[in-house]
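Basis for what follows: all heavy atoms, side chains included, without hydrogens, waters or symmetry-related copies. The chain is numbered in sequence order, starting from 1.
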Amino acid sequence: MNDTPHLPPALATGIGSLPGTDAREAAKAATGSFEDFPHLPELPARGPGADMIGRTAGLLVELYARVEPSGWRIGDRPGRDTRRARSWLGEDLDALEEFTQGYEGLLKVQAVGPWTLAAALELKNGEAALSDPGACRDLAASLAEGLRLHLEEVRRRVPGARFVLQLDEPSLTAVLRGQVRTASGYRTHRAVDRQTVEATLRDVVGVHDGGPVVVHSCAPDVPFALLRRAGVAGISFDFSLLTERDDEVIGEAVEGGTRLFTGVVPGTDAPLSDPAGSVMGVRTLWRRLGLRPGLLPEAVTITPACGLAGASPGYARSAYAHCVRAARSLADNPE
C-alpha cells in the first residue's frame, strides 16, 4: 500500500465552474445538489479574474499577473486584475460559508495545477512560463504556498469539513507531449521531462498535508500512472474519451485505491438519458476489467464530463441532479 491520503466514498460531485454571475445562487446549487460532497463554485462569466487561470493567479504568493490582449502575463506587482481575482474569490467564499454552516462532510475546492498554469501564464517576453524551467519552478513554489494559505482560509470558514483539493490540469498531456504552442503559433514548446512533471506535481499535491488531492483533466489520454505516482488520491476525467487502451491503467488505479471521478454527464446542454443509462458504460468497463461489482460505489464518484460554465443555468441544475441520481443507480444496482 502507498501513503496516499484516503478519499472516503462519495457518490457524486461537480467539477467546479457554473454558468451565471451570482455567487449565492451558485453556492446554493452546489451545496443543495451534493449534500455529501459539495464544492466551491467558480463563475467565469463574471470576467477576467473569475476565469480559471486568473482565479488561480490571484492565489499566487509573491508572483502577480495582469490581463494582456494575449492572456494573463506575470508582472512585478499586484494590480487591478489581481485585486479583482481576489475579490471574486472572497465573494465565492462568503457565499460558500453561508450555505455550509455546521457542515461536517467532504468539501472540494479547485485550482489550476502547476503545468496548465505554466502553459497559460506568459512571461514578460510573451512566451509561456513553460518555456523557462526556472520560471516553472518559481511558479510551482508560489502556487503551493498560495494553495496552503487558501486551504487555511477555507478551513477557517468551514471548520467541520474534510477538504479535498482538486488541481485542474487540462494541458498536462500537451505539456508531456510537446504540443503547447509558442506565442507565434508556428512552433511548440519542447516536451517537459516526465520525471520533472511528476516531481513538481508531487510537491504541489503535498501542500494538502494529510488531505486527498484529485487531478482533473477533460482532455484525452490522461496520464493515470504518472498521476498516481505523484500521490493523487483521485483522478477526474471525461469518461467518453476513454478507450480500451486505457483498461490496464484504469484497472491498476482501482486496485491501487485511486478513486475514479467519472465524467458521464455532458458539460453543455444535451438530452439526458435515464440515470441508469448514464452509468451503463461504467458498468460495462467494470465487467471488462473483471472487477468486483460491489467495489463500484467505493471506487467511483459520478460527475459532469467537465465544468458547466458553457451550459444554461437550467441545464446545470439538471446535470447536477442527474449526477446524483446516476450515482444512486450505480450504488443500488452495481451489476
Side-chain angles (χ1 to χ4, degrees), residues 3-18 23-24 26-43 49-50 52 54-63 78 82-83 85-114 117 140-169 201-216 230-234 236 259 261 301 303 307:
D3 56 0
T4 298
H6 177 62
L7 190 57
L11 297 180
T13 190
I15 295 299
S17 66
L18 285 168
R24 290 186 75 256
K28 184 178 177 183
T31 56
S33 301
F34 304 113
E35 294 179 359
D36 64 346
F37 198 2
H39 65 91
L40 175 64
E42 304 162 29
L43 298 172
M52 62 185 282
R55 184 182 181 89
T56 300
L59 294 175
L60 297 175
V61 173
E62 295 182 0
L63 278 180
T82 298
R83 289 192 294 273
R86 292 174 178 173
S87 174
W88 289 135
L89 180 58
E91 189 177 296
D92 294 338
L93 289 172
D94 289 345
L96 182 74
E97 185 177 0
E98 177 184 347
F99 287 98
T100 51
Q101 295 294 311
Y103 179 71
E104 295 186 342
L106 291 173
L107 178 59
K108 182 165 68 69
V109 296
Q110 307 84 218
V112 176
L117 200 60
S142 173
L143 174 64
E145 180 61 12
L147 288 173
R148 188 184 66 76
L149 295 172
H150 179 48
L151 287 164
E152 278 183 9
E153 169 71 3
V154 190
R155 201 171 282 121
R156 184 182 66 75
R157 289 171 176 263
V158 195
R162 291 171 292 157
F163 289 96
V164 176
L165 172 62
Q166 175 180 304
L167 298 175
D168 293 319
E169 282 283 16
L201 282 167
R202 189 181 300 111
D203 288 345
V204 177
V205 165
V207 80
H208 189 19
D209 189 27
V213 176
V214 175
V215 168
H216 167 71
V232 307
S236 172
R259 176 163 280 269
F261 286 65
T301 295
T303 71

Determine, for Asp209 against Arg148, whether the closest basic-nitrogen to carboxylate-oxygen distance falls under 4.0 angstrom. no

Can you tell which of Leu147, Val164, Leu93, Leu165 makes a side chain to side chain contact (heavy atoms under 4.5 Å, CB included) with Val109? Leu165

With rounding to the nearest 0.5 Å, note down the distance linking CG in Leu89 to CD in Glu153. 8.5 Å

Which value, rounded to the nearest 0.5 Å, describes the distance between Leu59 atom CG and His150 atom NE2? 5.5 Å

Any side-chain heavy atom of His216 within less than 4.5 Å of one from Phe261? no

Apply side chain to side chain contact (heavy atoms under 4.5 Å, CB included) to Ala30 and list each qualifying residue two or more places apart in sequence or on a separate chain. His39, Pro41

Of all heavy-atom pairs between Phe99 and Ala27, which one has the smallest distance, and what is that distance? CD1-CB, 3.8 Å

Please report the closest heavy-atom contact between Ala23 and Ala95, naming both atoms and the distance. O-CB, 3.6 Å

By side chain to side chain contact (heavy atoms under 4.5 Å, CB included), which residues pair with Thr100, not counting sequence neighbours? Thr31, Leu96, Tyr103, Val158

How far apart are the closest heavy atoms of Pro212 and Ala233, and which atoms are they? CB-CB, 3.7 Å

Side chain to side chain contact (heavy atoms under 4.5 Å, CB included) partners of Ala141, counting only residues at least two apart: none

What do you reckon, is CZ of Arg24 surrounded by more than 12 foreign heavy atoms closer than 6.0 Å? no

Between Pro38 and Leu106 the two heavy atoms that sit nearest each other are CD-O, 3.2 Å

Is any side-chain heavy atom of Leu18 closer than 4.5 Å to one of Leu43? yes

For Phe163 and Arg155, which heavy atoms make the closest approach, and how far apart are they? CE1-CA, 3.6 Å

Would you say that more than 12 heavy atoms from the other residues, nucleotides or ligands in this model lie under 6.0 Å from the CD of Glu152, or not? yes

How long is the span from the CZ atom in Arg55 to the CD atom in Gln110, to the nearest 0.5 Å? 7.5 Å

Could you pull out the closest heavy-atom pair between Val204 and Pro114, with the gap in Å? CG2-CG, 3.9 Å

Just by modelled atom types, is the Leu60 backbone N or O under 3.5 Å from a matching donor or acceptor in the Ser142 side chain? no

Can you measure from CD1 (Ile15) to NZ (Lys108) and round to the nearest 0.5 angstrom? 6.0 Å

Under the rule for side chain to side chain donor-acceptor pair (under 3.5 Å), what residues qualify as partners of Thr303, not counting sequence neighbours? none

Would you please name every residue forming a side chain to side chain contact (heavy atoms under 4.5 Å, CB included) with Arg83, sequence neighbours left out? Arg80

Atom CZ of Arg157 and atom CD of Gln101: how far apart are they, to the nearest 0.5 Å? 11.0 Å

Applying salt bridge (Lys or Arg N to Asp or Glu O under 4.0 Å) to Glu35 and not counting sequence neighbours gives none

How long is the straight-line distance from CG of Asp168 back to CG of Leu117, given to the nearest 0.5 Å? 11.0 Å

